[in-house]
Every structure is written in C-alpha cells, then in structure tokens.
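A short write-up of the structure that comes next.
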Amino acid sequence: MPHDGRARTGVSEPRAREADAADTGSPPPVPEAVTSERALTFVGAALTAVYLPGAGNQELRLVETAGSARCEYGLPDRLPLSGDSPAAHTFRTGRPLWLTSEALASYSTGGPTPPRPETSLAALPLGTERGRLGCLVVVGDSADGFEAEQRRFLEQYADAVLAVLRTGTGGPAPSPLLSPALRSLCVGSFVITPDTGLIEADETLLELAGITPDDFDGKADTLLAHALPEDMHALMSVLEPSTQTVGRRELEFRVRRPTGEMRWLSLSCQVAAGCDGRPEQVLGVVTATSVLRQSADDVSRIQWLTAALDDAVTVRDVSRVVVTALGEPLGADRVALAELQDDRLAVTVLDPPEPAAWPQWWRSEWRSEWPDAPVSALPTLQMALRDGRMDLWSAGAALEPGLAGIGAGGLAVLPLPAKGWVAGVCLVGWDQPHEFVPEERFLLTATAALVGQALKRARAHDAEQELATMLQRSLLPRRLPELPGGTAVARYLPAKRGLQVGGDWYDVIALSEDRVALVIGDVQGHSAGAATIMGQMRTAIRAYAVEGHPPDVVVSHANRLLVGMETDLFATCCYAELDMEEGNALFVRAGHLAPLLRHPDGRTEEVQVEGGLPLGILADAEFPMTTCALAPGTVIVMVTDGLVEAVDLPLDEGMDRTRTALAGADPADPGEMADELLGELDPREDDVALLLLRYDGMKTRPIRAGWAVWRLPDAVMHARRFTARALRRWKVEEVTDAALLVVSELVTNGLVHTQGPVRVDLMLRGDRVRVSVSDCSPRSPAKPVIVDWDATGGRGLLLVEAMSESFGSVPVAGGKQVWSELVVPHCDQAHADSGPRTRRRGLP
C-alpha cells in the first residue's frame, strides 16, 4: 500500500455509536465521499482535481475536485493551455511532474491558493501521445513531495480516471470521475475506536475480506475471523494499539474468502492520540496487495540458502547460514536460533553475540556461552512450537520478559519444522517499526522449512560426532602432568571427514621425581575399533612404564599384547624416556615417525632412531634403544602422520615443512608453538596428534646416596648408620630422628617379609628428604586394620605414616619401592655439602 509517514490524520469522524448498542442489523453504509477522502489522505493527497480541455482546446477547465482540504485550498477554474502551469505543462508534454514545495514555487500559476510552504503538487497526464483527454492534479501536504510508493499509486489512480473518462468518449464527460476511479482500485477504509471492539468499514473493505454488507455487524471480531491465525498478532496491535504505536502503521496480512481463496491485503493506518496521550482513534485504508509472487531476488535467495544449508554440516554451520540469510537481507537487528532439546531451548547462535544486546532475563540464564531456558518460561515460543505456525509481532506488542527487547519494532517467531516435529525456533527482531510485506513472509516461511530440515540433519551429525569425541576424549589424557625441569603440551585434531574418531594417541607419564616418559602412537584405520585398540595400547604402555621397565621392554610387552589380541589392526608407536636431571633421553620407535629436536640455537634435526616393526606384526620383534643428550632449551616434538602426510603432500615434504615451522616458532610459549606447528589443516583427511616437550633442566639438582642392605643380624644397624652419615654430610640433622625411625621400620619389613636384595636410597631436593626402600616383592605393604595392646607387631607402618609428610609405594622392575618424604625446616641446600656440623648427641 502506498504510504506517507507525514500524511495528515484529518479524515472524517466515525458516527457516534456506543459499544453496548449492538443491534442485530447491519450498520448504515459509509458515504462514498468519506471513503474517498480517507483513501486519498493515506496517499498523502490533501486535494485531487481533474482538468479537461475546454472549448477550442485553448484552455484546461477544472471539472471535479475531491479531498479533505477542498475548503482549505483553491485551484484555478481555468488554466491557459499555453501558460506556465504544471497542469498545462504536463498536458502539452505528456510527462508527469512531481514537484516539491520549492519546485512548485517556480510556477507562477496553477498552484493551490493560498500557497503554503509545506505544500507539494503532482500533475499526471490522462492519456497517451495519440490522444490526451486531460490532466490529474494532486496537491500533497508534504513539502518533500510524494514518495515512490505514493507515486506508483497515483499513477494507477490516473489510469483509473482515464478508464472512466474513456467510457464517455464521444459524449459529455461522465460525472463523477474521481470516486468511481478510486472504487475501481479496490481501496477500502475503516475507522476503529479502541477499547470498544467496533469498526466502521466501507463496502470495499468488506468485499476485500469476503463479507457481504448484510452479514457485517460492525464488530472488529467479524473481520478478524476471516484473517489467518499467523497474522492475528499484527492485526490485534491495530485493533488495540498501545501508546508506543501512536503514529503511522503499515502491515500485510491474509484473509480466507468464503470460496477458500487466500488473499493478501495491505493495511495502512494512522493511530491518533487523545489529550492524555492514549490512542483515541485508528483510521486506515486496505487494498489488495499486487505482489503475490516471489521476485527474482527472492528465488535467488532461496537457491543460495538451499546450497548453503547443503554444505552446512554442524548445528553451528546451520546457525551461521541463518544469520547470513536473514540478518542483512531483512535489515534485522537481532537473529537467534535455538534447538528444541526435550523441554528446553538451547540457543546455538546469537547475532549480535554480546550479552548486552539481549534481554536481561537471558543474561541471568547465561551459561558458558549461550543461554539455556525451559520452553515453559516463554509462553509465546511455547505456543508457536505447539502450533508450528509462524508468528509475527508488530511494533509495541506486549511480550513476556524473556522476549522483551528482542524486537521492539517487530518480532518474527519462526518454528522450524522437520518431518513431523519441530527442530527448534528462530527469532528475528527489529529495533525500528517494521512491516512484514508478502515478500518477507515468503522468505521467512521458506527459510524456516529449509532450516528445520538442515537443523535435524546437523543435529544427527553432531550427536554422532559428540559420541565419537566423547569416546576419543575418554581414551586420551584429560590433562598433562606438571613436570620438574620441563613443560609438555599436546594437541589432538580429529579428521573432518567421516567419523571423527581415530587411532592417534599420546601420553605423558611421570615415572618418578626426575624421570618422565613420552609416548605417541597411531592405530591403523578410522573407526570405533581403532579407537578401542588405541585405548588398550595407551593403557598397556602406561602400565608397563609405571612398573619401571626400560623403554625397549615397555614397547616389547605392548607388542606382544597386541599380537595376542588377534586383531587385524596394527599400531605404530614412538616412546621416549627422559632423565630430567641429567638431560638424557632414550628413544624407541615401532614403525612410527622419528621425533624432531629444536636445539636452543634454533637448529632442527630429525633424531635418527633405529626403528622396529609396527606393533602387532611379529611377537618376537626387537625394538632397539637410541640415546640422545638434551641441553636446556631443547624442544622435543613427536607427531603422527596426519600432520605431515596427505594425498597432495609427500611425507618428506611434510617433515621438511614441519621442521621449518619448528625452527621459526618461539619456544617461550610451548602452547603457541604447538598451534603454529599445526598450521591450517582444514579440511583434514586424517586425525592429528602432536606431543611437544620443552626441556628446561632441573632448577634444583637433588643429592643422592644409596646403600645395599646386607642380610646380617645387624643389617638394620648398618642401614641406620649409613642414613645418619648421609644426613650429617648434607647438614640436615633436623630430620635424623624421623629418618632413622623410617629406615628401621622399612628395612625390617623388607628383610622379614621378602626374599632377595633390599636397598636403601636417600635423596635431598630442596627442603625435602626422601627415604626409599626397595625389595623384590611386588606386593605392597598393608597397614593393619586393628592393633590391640597384645599385638607384638603391626604398628611400624602406622608410625612411618605419622612421621612422614607423605608416604606411599610404587612398583619397580622386579619388585616395589616404599618411600617416605620428610620436610627439613629452614633447609639451605646451597650449603648442604659445606663443612661438617656438630654431631648430635645420641646418634650412631
């Protein structure tokens, strides 16, 4: 419908009727002159006039006028055809004139009198070059002239006047001209008095809605009954306007005629306020909407949306496509997409993403990234999801707090259907008053249907990938341990094609205070079976390593285990054991890529590790060890083949590229260094694992001493004397009493309950003394549950635990080691090896 935001509201008042005077008969018809004035007012026309040629075609003669300002303006009755007036100029040239107030001032004649600065004028020819029958003059009440939509309507109006004129060709011009021409354009008008439920509608409006005058009772509900439910919210905002909607309103809606035909109608109304600022009257016009088919732009948008959603794999991908498809093309200020998960709405994307752009209620429900709320808390969305229909809310609509502020100027609620159920909902909001034209409705409806199917497909994909990712994460370490003398970081990237679960794994195993094992591997294939084998291999290698076996034995045991599983899959592996105190590394390689080193000076090299067969090929395969010295600042990098090999990337070239990236990376931040090594790997054909360790060296080097216990009657005495001498030499006599008690109890247990050699090891690091006793029995010592007064033993381990800062037992190759840590008060290890101290009384 043509519109003018500056149109006057000075239309005729409705006849006085009380709301309770609901007579059963039809209301009196609205005079045709009144309906014409209403319609022309909403086109920005204060006065319309028809000029026809006079006798001898020497002048133009005014034959008819219409409009609400006939008493306020005057137009000349006659205009010389050769004169300088807009009407004469248009009649001579056959071209319409659209004059603003400034342009109108340049014409000496033909304008309205008295002239006003806010007045504009349009002159349109009635006819073509073959024969012009007259001129239509329209006086506007805006200094800026007529807008594009108003011009189109007035051009149609001029054609309608011409058609009426032609019916009288060869005889006198028919009278009237303007009202029949307007009636042929099917422009209906109405007047609503808010809070009464009554509407004054003319016959044209009733015909557009499919209601006969005899069936109309003057109630707005009678008209609303013919509207489609999806458009009810918008129409109710016209019937019951709020203080925020005072002013000009436009909207499109649909009605269902008695024949079953659906018709689009365009409504334009002006809400007039009373002295108290509250809506007092709604005056408007309704026309049949001419745009009923999608334009070429709409078709291209749907085609683009279909192609984009076809490429969208995940829910986030679908969400980003929706923002692109609806945000900018519709001029929307906010777009939100939420999945329906059971009885909750999980928001997948918000545009804009800042919490401050969304309702306060949403911010209170904000989780780690997006809000998550029950459907029952949002009745508007609950109703839309239940009915599966699009809801369009006009400016100023009263919504619950959960939706307040999303679309102050208009809100579209789009349920997303997906084969018999609703996959989610999309919200599109505008800040400024927004009218939903048919083209937008078509676009929103088509978008909702396409997005619903894509969302369902993406959700199934995400669920599959989530399961795969959960399996993968459960098989990989959650976090890497903090290491003395170094920093380790790891990265894992699943493959982008197929099931995102593979056989790549990594692990960092803290073997002792100063020893750590690094392992990286790859099981053949991409499947749940490969991931299962990977988890078994990682667990087995960790178990063998913690038992204290050397690297070649650890890998050999893992190989025998995989051979015994009788699986068709094999695995590759690279294992490294680092002495963080001495800076030595032992490498074992089983069919895997060799590790890379970055030296402190920036040089890189590939460690020449003598390789063995992949795991699971041959039970008796040998896995030789290779030694390597590490200087502080050296970086060790271990990778799987997904990083350095692809269909279009040979292995050698990939290794060279990784070495180049390693040389240029900054080792100050190992995490950033690992990210730089990964680079751009999208899409990935294979999963990628990367393990990186920067060796810094031990800041505090421990002091060690050891004693092989003789199996003699006085063996415990010799162990105590060895302990006392060591502690005196280290100048930490403060813990001597506690250390001697621990040594006595642990050595006695080792001699009494085990066979084979027993050994005592002492270590001082910082302010802690560690006492360790090793024996050949793998069984861990057990503390007694009950110790009564008559018991002759069982209190030793309880005493050790009570005296120790920490206490425990770990398996080692061929047995176990029981250890105890004691805290040295005010220890200064820098002087631990300086001159002798005074011997404490009572010590051996």
Is it the case that the side chain of [X] and the backbone of [Y] share a donor-acceptor pair, with hydrogens and angles ignored and the cut-off at 3.5 Å?
X: K816; Y: V810; result: no
X: R768; Y: V823; result: no
X: T634; Y: L630; result: no
X: R711; Y: G756; result: yes
X: E672; Y: P670; result: no
X: D579; Y: E582; result: yes
X: H592; Y: V639; result: yes
X: R491; Y: G671; result: yes

key: Flag if over 12 foreign heavy atoms under 6.0 Å of CD, E653   =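 Buried by this count: over 12 neighbours within 6.0 Å.
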task = Please indicate whether E676 has more than 12 foreign heavy atoms, meaning atoms of other residues, nucleotides or ligands, lying under 6.0 Å from its CD.
result =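 More than 12 heavy atoms, drawn from other residues, nucleotides or ligands, come within 6.0 Å of this atom.
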Does [X] pair with [Y] as a salt bridge, N-O distance under 4.0 Å?
X: E577; Y: R515; result: yes
X: D620; Y: R560; result: yes
X: E581; Y: R704; result: yes
X: D507; Y: R542; result: yes

Go through the side-chain N and O atoms of [X] and [Y] and say whether any donor and acceptor fall under 3.5 Å apart.
X: R720; Y: S744; result: yes
X: T640; Y: D522; result: no
X: S804; Y: S820; result: yes

task = Begin with the C-alpha distance, continue with both residues' side-chain angles, and end with the deciding distance and a verdict on side-chain contact (heavy atoms from CB on, under 4.5 Å) for L518 and Y575.
result = CA-CA 6 Å; L518 307 178; Y575 184 97; over 6 Å; no
[X] versus [Y], closest heavy-atom pair with distance:
X: T627; Y: L586; value: CG2-CD2, 3.1 Å
X: E610; Y: T626; value: N-OG1, 3.2 Å
X: G706; Y: D761; value: CA-OD1, 3.8 Å
X: V519; Y: C573; value: CG2-SG, 3.7 Å
X: A705; Y: W730; value: CB-CZ2, 3.8 Å
X: P781; Y: L797; value: CB-CD1, 3.7 Å

inquiry  = For L593, run the side-chain contact (heavy atoms from CB on, under 4.5 Å) check against V609, L651, T658 and tell me which one passes.
reply    =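 Exactly one pass, corresponding to L651.
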message = Between L741 and V800, does the side-chain contact (heavy atoms from CB on, under 4.5 Å) criterion hold? Intermediate values first, please.
response = CA-CA 7 Å; L741 174 61; V800 171; 5.7 Å; no
task = Show your reasoning for whether side-chain hydrogen bond (donor to acceptor under 3.5 Å, both in side chains) applies to D514 and S512.
result = CA-CA 5 Å; D514 55 357; S512 65; 3.0 Å; yes
request  = Applying side-chain contact (heavy atoms from CB on, under 4.5 Å), run through L693 and L483 and close with a yes or a no.
outcome  = CA-CA 10 Å; L693 182 138; L483 305 175; 3.6 Å; yes
Sub-4.5 Å side-chain heavy-atom contact between [X] and [Y]:
X: F623; Y: P551; result: no
X: D666; Y: M673; result: no
X: F587; Y: V607; result: yes

message = With rounding to the nearest 0.5 angstrom, report the CD1 to OH distance, I509 to Y544.
response =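 Taking CD1 in I509 and OH in Y544, the distance rounds to 12.5 Å.
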message = Just verifying a value: how many Å separate L690 CG and I520 CD1, rounded to the nearest 0.5 Å?
response =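 Spacing of CG (L690) from CD1 (I520) equals 6.5 Å.
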inquiry  = On the six-membered ring of W707, is R759 placed so that its NZ or CZ lies under 6.0 angstrom from the centre and within 45° of the ring axis?
reply    =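 Judged by the rule, R759 and W707 form no cation-pi pair.
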